[in-house]
Amino acid sequence: MAEPSQVRAVVLAAGAGTRMCSAHPKVLHAVGGRPLIDWVLELARVVTDAPPVVVIGAGHDAVRERVAALAQVAVQPVPDGTGGALAAARPLLEGAEAVLVLPGDVPLLRPDTVRRLLGRSAVAAADAVLLSARPPDPTGYGRIIRAGDVFRAIVEERDLPDAGAPLPEVNTGVYVFRARPLWPALARLGTDNAQGERYLTDVLGQLAAVAVEPLEDWEEMLGVNDRVQLAAVGAALRRRTLRAAMLAGVTVEDPETTYLEPQVTVGVDTVLRPGTILRGATRVGRDCVVGPYAELVDTVTGDGCHVDRAQLSGCRLEDGVRVGPFNRVRPGSELAAGSRLGAFTEVARSRVGPGSAVPHLTYLGDAVLGRDVNIGAGTITANWDGIAKHPTAIGDGARIGSHTVLVAPAQVGAGAYTGAGSVVTQPVPAGALGVARARQRNLLGWVARRRRASAGENEAVGRRPPASQGPAEESR
Ligand code: UD1
Ligand code: CA
């Protein structure tokens with residue numbers, strides 16, 4: 001039919017999306033962490049050379065913004081059907097020999113499938129080639145009607161005279177048209193159907209010769225019309241991604257509860273324990289154990305890391321890092337090789353040096369820790385003075401006593417200690433012990449004196465001491 005360079009892709013994305021019951025255009029709803037339109041646009045770009053055309057609805061500025069850098073945009077003034085959508089793209093398709101139509105709400109198609117369709121269109125003496133499938137549940141999809149083997153028409157489910165065949169061949173909504181017969185047929189489209197729309201599918205009934213290419217993996221054609229289908233497509237994508245990861249050497253203990261977004265990479269022999277969520281630009285190294293119930297977003301780890309049920313976002317872990325349960329590591333943080341977070345720590349925009357440990361109940365904000373530092377339980381970097389954030393620097397081998405408050409800007413030199421419970425407001429020089437707390441006094445015999453005094457007072461006013469305290473308790 002045409003060389004790939006003369007094929008233009010058109011993504012139909014102007015529908016009202018009524019069945020989503022949403023204030024947002026359907027194609028901006030996400031699966032696998034990306035809006036539907038991104039998936040389809042990426043597909044269009046990898047299978048054709050010229051920039052794709054995306055047809056958007058009037059007022060769908062958010063869709064325009066999303067696609068403008070990667071595609072030409074046509075506006076369908078009124079959503080009067082898929083035929084009307086393709087007609088709206090026509091002015092941008094002058095000179096195209098063939099037109100690949102992709103529905104904007106069918107995100108799982110594989111590039112190879114579409115390449116096969118384009119290849120078939122190049123050799124078939126047909127006006128159009130359409131991709132068909134036999135999904136186990138054909139609800140909502142147009143039915144392909146044949147006479148013997150010959151394609152006759154597509155009938156929308158709503159326009160079917162009866163329930164139809166049990167496992168029918170359905171229309172995926174993906175077609176390659178030869179441009180010359182397409183345009184006049186599109187111009188002739190009527191609206192005589194259940195929805196009163198201009199159906200692109202009716203064009204196929206008008207063309208002289210239509211070839212049908214069956215889809216091997218029916219899951220690729222799953223479309224999103226409502227939020228039930230949005231979840232089903234998300235689940236299918238998840239199964240596909242997890243399967244690929246497992247076949248590439250990742251152990252997924254419970255695929256049902258593991259969420260791996262498609263752009264995420266995981267190294268071999270890493271174990272993903274149940275409830276693990278890996279999102280965005282996350283890259284996990286080899287021989288790691290992640291989870292149960294860990295969430296990593298845009299986070300890169302080295303090899304041999306263990307991350308228990310923690311939440312990490314926008315951070316980097318070098319090799320052999322351990323993150324225990326109930327930790328939150330926020331963007332801009334770095335955990336160097338062999339460093340460790342125990343439990344209940346929050347780390348923001350901070351670097352924990354090689355071999356350093358933050359075992360319990362700590363907040364590190366805007367802090368840089370050297371190597372082999374130990375942070376005592378309950379330590380806080382007071383990095384915000386109510387107006388600005390300030391840094392804390394802790395040198396190699398320093399030991400921060402439990403419950404130290406480091407009032408930033410703060411500096412603790414290499415090998416220095418801070419006394420437990422100190423509020424550190426001045427630099428602690430290398431090798432020094434910084435103590436900043438009230439000195440302890442012991443008042444010997446104070447308790448007995450206090451109790452006697454209080455019993456005396458009660459007698460003097462003629463009342464019994466309260467039952468729950470004082471000498472009455474002690475005498476039992
Ligand atoms: C369509 C097909 C159906 C096929 C199914 C596959 C028609 C009439 N029916 O049905 O045979 O089985 O896709 O998924 O084509 N759109 C516009 N402008 C409009 C209407 C729709 O751009 O006026 C866009 C939508 O944004 C969507 C795509 O076209 O991305 C398909 O429209 P939709 O209404 O979802 O069609 P289906 O009912 O799914
Ligand atoms: Ca649809």
Side-chain angles (χ1 to χ4, degrees), residues 9-20 22 24-29 31 35-41 43-44 52-60 63-64 66-67 73-90 101-109 128 130-135 137-145 151 153-160 164 168-175 177 186 189-205 210 212 215 218-230 232-233:
V10 179
V11 179
L12 307 183
T18 321
R19 291 165 277 183
M20 293 298 281
S22 174
H24 309 290
K26 172 165 76 179
V27 294
L28 294 183
H29 287 262
V31 291
L36 296 173
I37 190 70
D38 283 26
W39 294 101
V40 183
L41 191 52
L43 171 71
V53 176
V54 177
V55 185
I56 68 169
H60 286 184
V63 183
R64 178 191 290 276
R66 187 84 205 169
V67 304
V73 175
V75 178
Q76 183 185 10
V78 188
D80 61 350
T82 44
L86 187 54
R90 185 180 173 179
V101 174
L102 297 169
D105 60 354
V106 178
L108 301 185
L109 290 161
L130 83 87
L131 189 66
S132 77
R134 288 185 192 275
D137 177 8
T139 310
Y141 295 103
R143 307 295 199 271
I144 291 174
I145 311 295
F151 172 87
I154 298 171
V155 179
E156 291 307 298
E157 188 172 59
R158 292 174 151 97
D159 300 300
L160 278 179
E169 186 180 22
V170 307
N171 171 29
T172 63
V174 179
Y175 331 89
F177 291 102
L186 202 55
L189 272 186
T191 56
D192 182 19
N193 53 58
Q195 298 191 90
E197 288 188 349
R198 289 195 286 163
Y199 286 172
L200 181 54
T201 44
D202 288 347
V203 165
L204 292 136
V210 174
V212 179
L215 184 59
W218 60 267
E219 279 196 340
E220 284 186 48
M221 60 89 63
L222 286 173
V224 175
N225 293 323
D226 56 36
R227 296 193 201 227
V228 176
Q229 290 176 326
L230 183 71
V233 167

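For ligands, and for the atoms within them, numbers begin at 1 and follow the listed sequence.
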> Would you say Met20 contacts ligand 1, with heavy atoms under 4.0 Å as the rule?
Replying inline: no

>> Return the CG to CG distance between Asp159 and Asp192, rounded to the nearest 0.5 Å.
In response: 8.5 Å

> What is the closest protein heavy atom to atom 16 (N) of ligand 1, and at what distance does it sit?
Replying inline: Gly15 N, 3.5 Å

>> With the threshold set strictly below 4.0 angstrom, can you tell me whether any protein non-hydrogen atom sits that near atom 32 (O) of ligand 1?
In response: yes

>> Applying a heavy-atom cut-off of 4.0 Å, say which part of Asn225 lies close to ligand 1: side chain, backbone, both or neither.
In response: side chain

>> Counting non-hydrogen protein atoms only, what is the nearest one to atom 13 (O) of ligand 1? Give residue, atom name and distance.
In response: Gly173 CA, 4.6 Å

> Nearest to atom 7 (C) of ligand 1, what protein heavy atom do you find, and at what distance?
Replying inline: Thr82 OG1, 3.4 Å

> Any N or O of Glu156 that comes nearer than 3.5 Å to an N or O of ligand 1?
Replying inline: yes

> Under 4.0 angstrom from ligand 1, any heavy atom of Thr172?
Replying inline: yes

>> Check for me whether Glu197 has a heavy atom closer than 4.0 Å to any atom of ligand 1.
In response: no

> Which atom pair, heavy atoms only, marks the closest approach of Ala14 to Gln76?
Replying inline: CB-OE1, 3.1 Å

> At under 4.0 Å between heavy atoms, which part of Val55 makes contact with ligand 1: side chain, backbone, both or neither?
Replying inline: neither

>> Checking a contact table here: which protein heavy atom is nearest atom 38 (O) of ligand 1, and how many Å away?
In response: Arg19 NH2, 3.3 Å

> Taking all atoms of both residues into account, what is the closest heavy-atom pair of Glu197 and Pro79, and its distance?
Replying inline: OE2-O, 4.1 Å

>> If the contact criterion is a heavy-atom separation under 4.0 Å, does Thr201 count as touching ligand 1?
In response: yes

>> Just to confirm my output: which protein heavy-atom neighbour is closest to atom 30 (O) of ligand 1, and how far is it?
In response: Leu12 O, 2.7 Å

>> Please give me the minimum heavy-atom distance between Ser22 and His29, naming the atom from each residue.
In response: OG-NE2, 2.9 Å

> For ligand 1, which part of Ala13 has a heavy atom less than 4.0 Å away: the side chain, the backbone, both, or neither?
Replying inline: backbone

> Which of the atoms in ligand 1, numbered in the order shown and given with their element, are less than 4.0 Å from a heavy-atom of Asp80?
Replying inline: 23 (O)

> Considering all heavy atoms of both residues, which atom of His60 and which atom of Ala13 are nearest to each other, and what is their separation?
Replying inline: ND1-O, 4.5 Å

>> Can you tell me if Gly223 contacts ligand 1 (heavy atom of the residue under 4.0 Å from the ligand)?
In response: no

> How open is the angle at the Ca ion (ligand 2) from atom OD2 of Asp105 over to atom OD1 of Asn225, rounded to 10 degrees?
Replying inline: 90°

> Within less than 4.0 angstrom of ligand 1, does Gly81 place any heavy atom?
Replying inline: yes

> Got a protein heavy atom sitting under 4.0 Å from atom 24 (C) of ligand 1?
Replying inline: yes

> What protein heavy atom sits nearest atom 4 (C) of ligand 1, and how far off is it?
Replying inline: Asn171 O, 3.3 Å

>> Residue-level breakdown please: for Lys26 versus ligand 1, do any non-hydrogen atoms fall below 4.0 Å on the side chain, on the backbone, on both, or on neither?
In response: side chain

>> Looking at every heavy atom in both Val31 and Pro107, which two are closest together, and how far apart are they?
In response: CG2-CG, 4.2 Å

> Where on His60 is there a heavy atom closer than 4.0 Å to ligand 1, on the side chain, on the backbone, on both, or on neither?
Replying inline: neither

> Do the side chain of Arg143 and the main chain of Pro138 share a donor and acceptor less than 3.5 angstrom apart?
Replying inline: yes

